[in-house]
Amino acid sequence: MKVILLVIPVISMIFAALSGRMSELSSSIIVKSGEAVELVISLCGVMCFWCGLMRVAERAGLTEKLARLLSPIVCALFNGVPKGSKAVGLITMNLAANILGLGNASTPLGIAAMRELAENSEATDNMILLAVLNTASLQIIPATAAALRAANGAENPFDILPCVWIVSVYAAAVAVVSAKIMAKFARKREKH
């Protein structure tokens, strides 16, 4: 990734120099850098608001209630993880934090859940399933997408909610089904 991030600007500079457009490149860099800073500042405000709101929900116990609600689903999805184990608790808290948009809170929970699921140095089916579910990221409130839309002038940045919910559920379902199918194929291949 470092190489790509280095090569792209170098190639741009070479082509700008060869085509005599260095002044356009320089002014573009200055203008776009300023726009990037403005976007980051506007995102910070919106993200602070939603993180604060989600923190209130977390302290009010909403995250724990959602985790208890998700516990039976987690036990059904994650084969071999004992009901009531620390791993189940961490997985449900991680998924609940993701659903509520608490990205900062979900990361340490996901790492702790991975440690609990780890049997050896290889990734287990349950570890892969947890990573897939985190990547699919079911969300009720897509704060970052709404913040980007607001920063770019959207009148109603949250009018995307129904679409986000549908796509989020669909992505999670496809991810879980795919992970389960791949795990079955991997077990069959190991037997042979």
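Numbering starts at 1 and runs along the sequence shown. Side chains included, hydrogens not; waters and symmetry mates left out as well; all remaining heavy atoms used. This structure is a prediction, so every number in the text was calculated from the model and none was measured.
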- Got Leu39 and Leu148 here, is their nearest side-chain heavy-atom distance under 4.5 Å? yes

- Drop me the distance from Ile111's CD1 to Leu90's CG, to the nearest 0.5 angstrom. 11.5 Å

- Item | Interatomic distance, Ile11 atom CD1 to Leu6 atom CG [nearest 0.5 angstrom] | 9.5 Å

- Note on the structure: Here the pair of heavy atoms bringing Ala136 nearest to Ala175 is CB-CB, 4.3 Å

- For Ala113 and Ile91, the nearest pair of non-hydrogen atoms, with its separation, is CB-CG1, 3.9 Å

- Message: Count I, L, V, M, F, W, Y as connected when their side-chain heavy atoms are under 4.5 Å apart, and connections chain through other members. Are Ile140 and Val164 then in the same cluster?
- Response: no

- Measure the shortest side-chain to side-chain distance between Met127 and Leu130 over non-hydrogen atoms and say whether it is less than 4.5 angstrom. no

- Taking side chain to side chain donor-acceptor pair (under 3.5 Å) as the test, write out the residues that go with Lys2, two or more places apart. none

- Message: Applying side-chain contact (heavy atoms from CB on, under 4.5 Å), can you list everything that pairs with Met13, at least two apart in sequence or on another chain?
- Response: Leu25

- Message: Donor-acceptor check, side chain of Asn126 to backbone of Asn79, threshold 3.5 angstrom: yes or no?
- Response: yes

- Query: Going from CG on Asp125 to CZ on Arg187, what distance comes out if it is rounded to the nearest 0.5 angstrom?
  - Reply: 5.0 Å

- Task: Mind checking salt bridge (charged side-chain N to carboxylate O under 4.0 Å, His left out) for Glu38 and listing every partner two or more places apart, or none if nothing turns up?
- Result: none

- When clusters are formed by joining ILVMFWY residues with side-chain heavy atoms under 4.5 Å apart, either directly or through shared neighbours, do Phe15 and Ile29 land in the same one? no

- Task: In sequence, state the C-alpha distance, the side-chain angles, and the governing distance for Val169 and Leu138, and then conclude on side chain to side chain contact (heavy atoms under 4.5 Å, CB included).
- Result: CA-CA 6 Å; Val169 168; Leu138 283 168; 3.9 Å; yes

- Task: Output yes when a side-chain donor or acceptor of Ser27 lies under 3.5 Å from a complementary backbone atom of Ser23, and no otherwise.
- Result: yes

- With sequence neighbours left out, which residue pairs that include part of residues 154-173 fulfil the side chain to side chain donor-acceptor pair (under 3.5 Å) condition? Arg149-Asp159

- Message: So, using salt bridge (charged side-chain N to carboxylate O under 4.0 Å, His left out) as the criterion, who are the partners of Arg189 when residues are at least two apart?
- Response: none

- So if you build clusters from Ile, Leu, Val, Met, Phe, Trp, Tyr with side-chain heavy-atom gaps below 4.5 Å, do Leu69 and Ile73 land together? yes

- Beyond-backbone contact of Phe78 with Leu133, side-chain heavy atoms, under 4.5 angstrom: yes

- Quick one: do Met22 and Val10 end up in the same hydrophobic cluster if we chain Ile, Leu, Val, Met, Phe, Trp and Tyr together by side-chain heavy atoms under 4.5 Å apart? no

- Query: Do the non-hydrogen side-chain atoms of Val88 and Ser71 ever get within less than 4.5 Å of each other?
  - Reply: yes

- Side chains of Val176 and Leu129 in contact at under 4.5 Å (non-hydrogen atoms): yes

- Query: Heavy atoms, side chains only, cut-off 4.5 Å: are Val132 and Ser178 in contact?
  - Reply: no

- Can you list every pair that meets salt bridge (Lys or Arg N to Asp or Glu O under 4.0 Å) and has a residue in residues 165-181, with sequence neighbours left out? none

